[in-house]
Student: 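If you scroll down you'll find the structure; I have some questions about it.
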Amino acid sequence: MPAAQSPAQSSVQGPPPPPAELFTPAFHQDPHRALAELRQTAPAVPVVTPNGLRTWLVTGYEHARELLADPRLSKDMRVGRDLIPRNFADPEKQRAFLAEAGDHAQFPQVLSVHMLDSDPPDHTRLRRLVGRAFTARRVEALRPRITGLTDELLENIAADGTVDLMEALAFPVPFTVICWLLGVPPDDRASFRRWSNLLVSGAGTEEVRDASVSMIAYLRALIDGKRAEPADDMLSDLVQAGDEGDQLSDDELISMAFLLLVAGHETTVNLIGNGTLAVLGHPRVREQLAADPSLWPAAVEEFLRYDGPVTNATWRFTTEPVEVGSVVIPEGEFVTISLGAAGRDPARYPDPDRLDIGRPHSASVAFGHGIHHCLGAPLARLEGQIVISRLFARFPGLRLATDASRLCWRSSLMMRGLEELPVFTGEDTV
């Protein structure tokens, strides 16, 4: 259903206004101020991405929640790719994109045959099969191993020293957990990390092509091994998963493994980094958590709202005109739903710029909503709770090793995360 209109509103028809240049380095350093201003301007605003693509940015909580579940917004990128050329605001950037797309057309497409880029009935089938392997029981069973891994990494961090927590803790925990789930042997993880970093880095064409070929070959061999000798890991379960004779094809297995690798660790890395920074910047919250550790699950929910790891939902496009409050988005237009802006919407969250771990959290959109709600959200929450709580228990004197204004945020359209998080571990350790 489209977002509701008030009686005083009337739909805006006609050509869209010129898009705004929004996603600058300054924006990524402090997006919440700009998003708040856009929310007051209109419920959906055309903006342009750094590569020149025009998209409609949705910033309100209610509109975000409704559109995330609206079937008129498609995620089938087999169709969406054909819409890309006509949605450029700048002809020069359009030509540059088409030239680059010609190079990328040589890439294997197997890495995108997954449920994140599909609609029902394909999405329904893929999600059902994957859901049989990614169960709540499997996630909870990881708790002791995640705790042990976290404690081991914390032991390697020197007391009274300076360390980059992103590299020392926030990255290795979720990456290692995903390797456990996929059954990637320890000796292969350095190569696995190098390929995955290249594939999400936007590096040069040749580097990305080589990494994609290497990743696909490795995953294909890994899947063949799990088929011949199943192990106690999720990839083995995915290989065996079936429903009335239906199973994931090899290409679907490769693409799903890649999706779990990238989405599974990227999101949690940023949750750990952003959540740690939030605690460091709010002494009162830190005192509350130290006095009552049972508050950590609620705190993680507030971290997700306050400065969540996924700033924008993945691409969608309209299959017919869609009303968003007073605005009509035409058919064939891309839509970007700002999860970060939805979390700071004062219509949903009073005093939204205040970190409040006592705030009630129902119907959060931090991990999406509807059929594309993140399947790995329970695992990310579990890792966030374990890692951040044990970090502050281990180093109660933890503090930033630089001024917060000097921290650098990644320039990403989807992820909200720090490049580095330098901290001083303090003198008081346990």
Side-chain angles (χ1 to χ4, degrees), residues 3-4 6 8-9 22 26-45 57-68 267 270-313 324-326 336-369 377 380-381 384-385 388-389 392 399-400 403-405 407 409 415-418 421:
S6 69
Q9 290 176 322
L22 180 68
F27 169 83
H28 292 298
Q29 286 298 110
D30 182 18
H32 299 296
R33 185 189 305 273
L35 291 171
E37 292 175 357
L38 283 178
R39 192 188 303 110
Q40 294 176 352
T41 302
V45 179
L57 188 72
V58 177
T59 53
Y61 170 86
E62 290 296 340
H63 293 128
R65 184 172 168 81
E66 291 177 11
L67 291 175
L68 286 167
T267 302
N270 295 333
L271 170 57
I272 293 169
N274 298 3
T276 299
L277 179 62
V279 177
L280 289 172
H282 294 82
R284 174 59 182 150
V285 169
R286 187 169 180 167
E287 292 171 4
Q288 289 177 278
L289 291 166
D292 185 359
S294 71
L295 295 175
W296 276 106
V300 168
E301 291 305 310
E302 178 67 348
F303 302 155
L304 289 168
R305 179 205 69 82
Y306 182 77
D307 215 357
V310 184
T311 188
N312 292 315
V324 185
S326 60
T336 299
I337 301 169
S338 177
L339 306 180
R344 296 281 188 111
D345 186 350
R348 174 69 182 184
Y349 301 104
D351 196 8
D353 295 329
R354 180 170 62 91
L355 188 72
D356 178 6
I357 62 174
R359 189 189 300 272
H361 286 280
S362 61
S364 168
V365 296
F367 286 113
H369 173 61
R381 286 183 166 99
Q385 291 170 21
I388 306 175
S389 66
F392 281 97
R399 60 188 184 274
L400 280 175
D403 190 272
S405 64
L407 295 172
W409 294 84
M415 295 295 177
R416 170 74 173 160
L418 292 159
L421 182 55

Student: Within 45° of the six-membered ring axis of Tyr306 and under 6.0 Å from that ring's centre, is NZ or CZ of Arg344 located there?
Tutor: yes
Student: Which pair of non-hydrogen atoms, one from Gly343 and one from Arg305, has the smallest distance, and what is that distance?
Tutor: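 That closest heavy-atom pairing would be O-NH1, 2.9 Å.
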Student: How far does OG1 of Thr311 sit from CG of Asn274, to the nearest 0.5 angstrom?
Tutor: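 Thr311 OG1 to Asn274 CG: 10.0 Å, rounded to 0.5 Å.
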Student: Considering residues at least two apart in sequence or located in another chain, which fulfil the side chain to side chain donor-acceptor pair (under 3.5 Å) criterion with Thr41?
Tutor: none
Student: Residues in ring pair (Phe, Tyr, Trp, His ring centres under 6.0 Å) with Phe303, at least two apart?
Tutor: none
Student: Taking side chain as C-beta onward, heavy atoms only, is Val279 less than 4.5 Å from Leu355?
Tutor: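 Result no, sub-4.5 Å side-chain heavy-atom pair not found.
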Student: Taking the side chain as everything from C-beta on, heavy atoms only, tell me whether Ser364 gets closer than 4.5 Å to His369.
Tutor: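 Of all side-chain heavy-atom pairs linking His369 with Ser364, none is under 4.5 Å.
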Student: Which distance, rounded to the nearest 0.5 Å, do you find between the OG of Ser389 and the CG of Leu295?
Tutor: 12.0 Å
Student: Which heavy-atom pair separates Ile272 from Thr276 by the least distance, and what is that distance?
Tutor: O-OG1, 2.8 Å
Student: So does Ala278 get a backbone contact from the side chain of His282, meaning a donor-acceptor N/O pair under 3.5 Å?
Tutor: yes
Student: Run the side chain to side chain contact (heavy atoms under 4.5 Å, CB included) check on Asn270 and Trp409 step by step: do they pass?
Tutor: CA-CA 10 Å; Asn270 295 333; Trp409 294 84; over 6 Å; no
Student: Is the shortest side-chain N to carboxylate O distance from Arg65 to Glu62 below 4.0 Å?
Tutor: no
Student: For Ala380 and Leu271, work out which heavy atoms get closest and say how close.
Tutor: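 Looking at all heavy atoms of both residues, the shortest contact is O-CD2, 3.3 Å.
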Student: Val58 vs Ser338, test: side chain to side chain contact (heavy atoms under 4.5 Å, CB included). Steps then yes/no.
Tutor: CA-CA 6 Å; Val58 177; Ser338 177; over 6 Å; no
Student: Can you tell whether the side chains of Asp345 and Arg348 come within less than 4.0 Å, N to carboxylate O?
Tutor: no
Student: Quick check: do Val45 and Thr59 have side-chain heavy atoms less than 4.5 Å from each other?
Tutor: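 The answer is no; the side chains never approach within 4.5 Å.
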Student: Do you know which two heavy atoms are closest between Leu304 and Pro309, and how far apart they sit?
Tutor: CD2-CD, 3.6 Å
Student: Dump the intermediate steps for side chain to side chain contact (heavy atoms under 4.5 Å, CB included) on Arg416 and Asn312, then the final yes or no.
Tutor: CA-CA 9 Å; Arg416 170 74 173 160; Asn312 292 315; over 6 Å; no
Student: Among residues at least two apart in sequence or on other chains, which ones pass salt bridge (Lys or Arg N to Asp or Glu O under 4.0 Å) with Arg381?
Tutor: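 So Arg381 forms a salt bridge (Lys or Arg N to Asp or Glu O under 4.0 Å) with Glu301.
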Student: Hey, could you give me the CG/CD distance between Asp292 and Glu287, rounded to the nearest 0.5 Å?
Tutor: 13.5 Å
Student: With the side chain counted from C-beta on, respond yes when Arg39 and Pro346 share a heavy-atom pair under 4.5 Å apart, and no when they do not.
Tutor: yes
Student: Give me the ring orientation class for His361 and Tyr349: parallel if the planes are under 30° apart, tilted from 30 to 60°, perpendicular past 60°.
Tutor: tilted
Student: Do the side chains of Leu289 and Trp296 get nearer than 4.5 Å, heavy atoms only?
Tutor: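 In contact.
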Student: Show, in sequence, the C-alpha distance, side-chain angles and deciding distance for Leu38 and Leu22, and conclude whether the side chain to side chain contact (heavy atoms under 4.5 Å, CB included) test is met.
Tutor: CA-CA 10 Å; Leu38 283 178; Leu22 180 68; 3.8 Å; yes
Student: Which heavy atom of Leu68 sits nearest a heavy atom of Ala313, and at what distance?
Tutor: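 Nearest heavy atoms, Leu68 then Ala313: CD2-CB, 4.0 Å.
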Student: Considering all heavy atoms of both residues, which atom of Pro43 and which atom of Val324 are nearest to each other, and what is their separation?
Tutor: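 Taking every non-hydrogen atom into account, CG-O, 3.1 Å.
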